[in-house]
**Student:** 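This is the structure, below, for whatever I ask next.
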Amino acid sequence: MKYKYELHCHTGCVSRCGRVEPEKIVSLYKEKGYSGIVVTDHYSPMTFKVSKLACPQKEINFYLEGYRRMAKAAGNDFTVLLGMELRHYFTANDYLIYGVDEKFLYNAGNLLNAREKQVKSLCVKNSFLVFQAHPFRPGIRRCNPDYIDGIEVYNGKTSKKMNEKAYRWAKNENKLMISGSDFHTEKNLARGGIITDEPIKSNGDLLRILKTRNYEMIMEY
């Protein structure tokens with residue numbers, strides 16, 4: 001049996017650019033035959049109210065709303081895991097981080113203020129994985145490869161040409177590769193993700209499978 005998982009998904013209640021509520025997202029992905037989703041809502045200067053930008057760590061209950069609602073709606077036959085798409089102050093770069101949990105977010109401080117080297121250190125310390133998302137979109141600079149574990153080589157909202165550049169970069173640097181739909185609206189539904197031979201039930205399962213590259217990537221051009 002094969003299992004399909006979405007690795008890049010935004011909810012309408014947290015990510016300002018998201019347009020679909022968590023409960024509906026679960027329903028849509030179940031209809032498409034997926035076995036689970038990693039919720040990667042934006043943790044960025046665009047996520048939080050201007051009055052809260054200096055201290056986003058005080059808004060973690062808000063940030064977790066999409067994940068919590070999706071997990072509640074999922075039932076026993078669908079996996080929902082917490083991830084994040086991090087953007088620091090004064091940059092357009094985005095980083096997908098896998099393995100995070102609620103305790104980490106409550107205790108991590110202001111992640112908007114952490115730069116790539118600091119984030120990599122946090123990921124190593126906590127056994128997380130960090131991937132640069134859609135690295136060849138206009139306005140984005142390629143990160144120092146030493147500060148990432150992998151690269152999103154297929155993004156459902158990015159052109160084939162840019163995705164192919166990301167694939168070549170990842171291959172040249174011998175980095176882990178992932179695919180994600182970058183779900184914001186229903187037109188982004190089930191464009192990407194991974195296919196595994198075993199079910200993913202926890203962040204531990206996800207991290208092990210990504211590290212061992214024991215998956216196929218979904219790439220819907």
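Position 1 is the first residue of the sequence, and the numbers go up from there.
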**Student:** Side chain of Tyr63, backbone of Asp41: donor and acceptor closer than 3.5 Å?
**Tutor:**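 Side chain of Tyr63 to backbone of Asp41: a pair is present.
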
**Student:** If you round to the nearest 0.5 Å, how far is OG1 of Thr158 from CD of Glu164?
**Tutor:**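 Spacing of CD (Glu164) from OG1 (Thr158) equals 12.5 Å.
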
**Student:** List the residues meeting ring-ring contact (aromatic ring centres under 6.0 Å, His included) with His10, not counting sequence neighbours, and say none if there are none.
**Tutor:**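 Partners of His10 by the ring-ring contact (aromatic ring centres under 6.0 Å, His included) criterion, ordered by chain and then number, come out as His8, His42, His184.
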
**Student:** Tell me whether Asp149 is salt-bridged to Lys175, with the criterion being a basic N under 4.0 Å from an acidic carboxylate O.
**Tutor:**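 Answer for the salt bridge query: no.
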
**Student:** May I ask you to decide if Trp169's main-chain N or O and Asn172's side chain share a donor-acceptor pair within less than 3.5 Å?
**Tutor:**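 Not a single qualifying donor-acceptor pair exists.
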
**Student:** Check for a donor-acceptor pair, side chain of Ser179 on one end and backbone N or O of Ile218 on the other, with a separation under 3.5 Å.
**Tutor:**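 Confirmed, Ser179 side chain pairs with Ile218 backbone.
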
**Student:** Quick one: does Ser181's side chain have a donor or acceptor within less than 3.5 Å of a partner on Phe183's backbone?
**Tutor:**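 No.
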
**Student:** Among His88, Glu152, Glu116, Lys120, which residue satisfies the side chain to side chain donor-acceptor pair (under 3.5 Å) criterion with Tyr95?
**Tutor:**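 Testing each of His88, Glu152, Glu116, Lys120 against Tyr95, the sole residue satisfying side chain to side chain donor-acceptor pair (under 3.5 Å) is Glu116.
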
**Student:** Output the distance between atom CD (Glu23) and atom OG (Ser27), rounded to the nearest 0.5 Å.
**Tutor:**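 Result: 10.5 Å between the selected atoms.
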
**Student:** Is any side-chain heavy atom of Tyr98 less than 4.5 Å from a side-chain heavy atom of Ile178?
**Tutor:**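 Counting from C-beta outward, Tyr98 and Ile178 do come under 4.5 Å.
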
**Student:** Hey, does Val119 have a side-chain heavy atom less than 4.5 Å from the side chain of Tyr147?
**Tutor:**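 A side-chain contact is absent here, since even the closest heavy-atom pair is not under 4.5 Å.
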
**Student:** Start with the C-alpha distance between Arg19 and Glu186, add both sets of side-chain angles, then the distance that settles side-chain contact (heavy atoms from CB on, under 4.5 Å), and finish with yes or no.
**Tutor:** CA-CA 8 Å; Arg19 294 293 180 268; Glu186 290 193 33; over 6 Å; no

**Student:** Taking all non-hydrogen atoms of both residues, which atom of Cys123 and which atom of Val130 are closest, and how far apart?
**Tutor:**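 Result for this residue pair: SG-CB, 3.9 Å.
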
**Student:** Given 3.5 Å as the limit, does a donor-acceptor pair link the side chain of Asp182 with the main chain of Asn188, or not?
**Tutor:**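 No, because the side chain of Asp182 does not come within donor-acceptor range (under 3.5 Å) of the backbone of Asn188.
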
**Student:** Identify the two heavy atoms, one from Gly139 and one from Ala92, that lie closest to each other, and give their separation to 0.1 Å.
**Tutor:**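 It is O-CB, 3.7 Å.
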
**Student:** Sub-3.5 Å donor-acceptor pair from the side chain of Tyr154 to the main-chain atoms of Met217, do we have one?
**Tutor:**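 Flag not set: sc Tyr154 to bb Met217 has no pair under 3.5 Å.
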
**Student:** Is there a side-chain contact between Lys4 and Ile194, using heavy atoms and a 4.5 Å cut-off?
**Tutor:**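 No, their side chains stay 4.5 Å or more apart.
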
**Student:** Would you check if the side chain of Asn93 reaches a backbone N or O of Ile140 as a donor-acceptor pair within less than 3.5 Å?
**Tutor:**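 Pair absent, no side-chain N/O of Asn93 close to backbone of Ile140.
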
**Student:** Apply the test side-chain contact (heavy atoms from CB on, under 4.5 Å) to residues Leu105 and Met84: give CA-CA distance (whole Å), side-chain angles for both, the deciding distance (0.1 Å), then the verdict.
**Tutor:** CA-CA 10 Å; Leu105 291 177; Met84 66 188 308; 4.1 Å; yes

**Student:** Is any side-chain heavy atom of Leu111 closer than 4.5 Å to one of Leu122?
**Tutor:**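 Side-chain contact under 4.5 Å: yes.
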
**Student:** Start with the C-alpha distance between Met177 and Phe131, add both sets of side-chain angles, then the distance that settles side-chain contact (heavy atoms from CB on, under 4.5 Å), and finish with yes or no.
**Tutor:** CA-CA 8 Å; Met177 303 182 191; Phe131 292 73; over 6 Å; no

**Student:** What distance do Leu82 atom CG and Leu206 atom CG have between them, rounded to the nearest 0.5 Å?
**Tutor:**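 Leu82 atom CG to Leu206 atom CG measures 11.5 Å (nearest 0.5 Å).
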
**Student:** If you measure from CG on Leu176 to OH on Tyr215, what distance do you get to the nearest 0.5 Å?
**Tutor:**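 Result: 5.5 Å between the selected atoms.
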
**Student:** Take Lys30 and Asp77 through the side-chain contact (heavy atoms from CB on, under 4.5 Å) test and state the conclusion after the steps.
**Tutor:** CA-CA 9 Å; Lys30 283 186 176 182; Asp77 61 341; 3.2 Å; yes

**Student:** Hey, quick one: are Met46 and Val50 part of the same hydrophobic cluster, counting side-chain heavy atoms closer than 4.5 Å, chains of contacts allowed?
**Tutor:**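 Looking at the clustering, Val50 is in a separate group from Met46.
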
**Student:** Any luck finding a side-chain donor-acceptor pair between Asn61 and Tyr106 under 3.5 Å?
**Tutor:**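 On atom types as modelled, these side chains qualify, holding a pair under 3.5 Å.
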
**Student:** Are Glu198 and Arg208 close enough for a salt bridge, meaning some N to O gap below 4.0 Å?
**Tutor:**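 Counted as a salt bridge, because a side-chain N and a carboxylate O are separated by less than 4.0 Å.
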
**Student:** For residues Thr47 and Arg87, determine if any side-chain heavy atom of one lies less than 4.5 Å from a side-chain heavy atom of the other.
**Tutor:**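 No, too far: nothing below the 4.5 Å cut-off.
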
**Student:** Which heavy atom of Ala190 sits nearest a heavy atom of Glu220, and at what distance?
**Tutor:**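 Closest approach of Ala190 to Glu220: O-CG, 4.0 Å.
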
**Student:** Using a 6.0 Å cut-off, check whether atom NZ of Lys211 has over 12 heavy atoms from anything other than its own residue.
**Tutor:**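 For Lys211, atom NZ is crowded (more than 12 foreign heavy atoms under 6.0 Å).
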
**Student:** Enter the distance from Thr11:OG1 to Met70:CE here, rounded to the nearest 0.5 Å.
**Tutor:**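 One finds 6.0 Å between OG1 of Thr11 and CE of Met70.
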
**Student:** Any donor-acceptor pair under 3.5 Å linking the side chain of Thr79 with the backbone of Ile200?
**Tutor:**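 Yes; at least one donor-acceptor contact below 3.5 Å.
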
**Student:** Going by heavy atoms in the side chains, are Tyr89 and Asn110 under 4.5 Å from each other?
**Tutor:**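 Yes - at least one pair of side-chain heavy atoms lies under 4.5 Å apart.
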
**Student:** For Tyr3, is the OH atom crowded, meaning more than 12 foreign heavy atoms sit under 6.0 Å from it?
**Tutor:**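 More than 12 heavy atoms, drawn from other residues, nucleotides or ligands, come within 6.0 Å of this atom.
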
**Student:** In the structure I gave you, are the side-chain heavy atoms of Glu59 and Lys49 within less than 4.5 Å of one another anywhere?
**Tutor:**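 Contact flag for Glu59/Lys49 side chains = no.
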
**Student:** Looking at every heavy atom in both Ile37 and Cys9, which two are closest together, and how far apart are they?
**Tutor:**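 That would be CG2-CB, 3.8 Å.
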
**Student:** If the threshold is 4.0 Å, N to carboxylate O, is there a salt bridge linking Glu21 and Arg69?
**Tutor:**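 Yes.
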
**Student:** Got a donor-acceptor contact below 3.5 angstrom from the Arg16 side chain to the Phe48 backbone?
**Tutor:**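 Here the side-chain-to-backbone pair exists.
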
**Student:** Looking at side-chain heavy atoms only, is the closest gap between Glu85 and Leu96 below 4.5 Å?
**Tutor:**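 Answer yes - side chains close enough.
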
**Student:** Using a 3.5 Å distance criterion without hydrogens, assess whether the side chain of Tyr5 forms a donor-acceptor pair with backbone atoms of Ser35.
**Tutor:**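 No; judged by distance alone, with no hydrogens or angles, the pair does not exist.
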
**Student:** Can you see which heavy atom on Ile151 is nearest to which on Pro135, and at what distance?
**Tutor:**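 That would be CG2-CG, 3.8 Å.
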
**Student:** Could you tell me the separation between the CD1 atom of Ile97 and the CG atom of Leu86, rounded to the nearest 0.5 Å?
**Tutor:**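 Nearest 0.5 Å value for the CD1-CG distance: 5.0 Å.
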
**Student:** Looking at Gly156 and Arg191, what are the two nearest heavy atoms and their distance?
**Tutor:**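 Scanning both residues completely, I find the closest heavy atoms to be O-NH1, 3.4 Å.
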
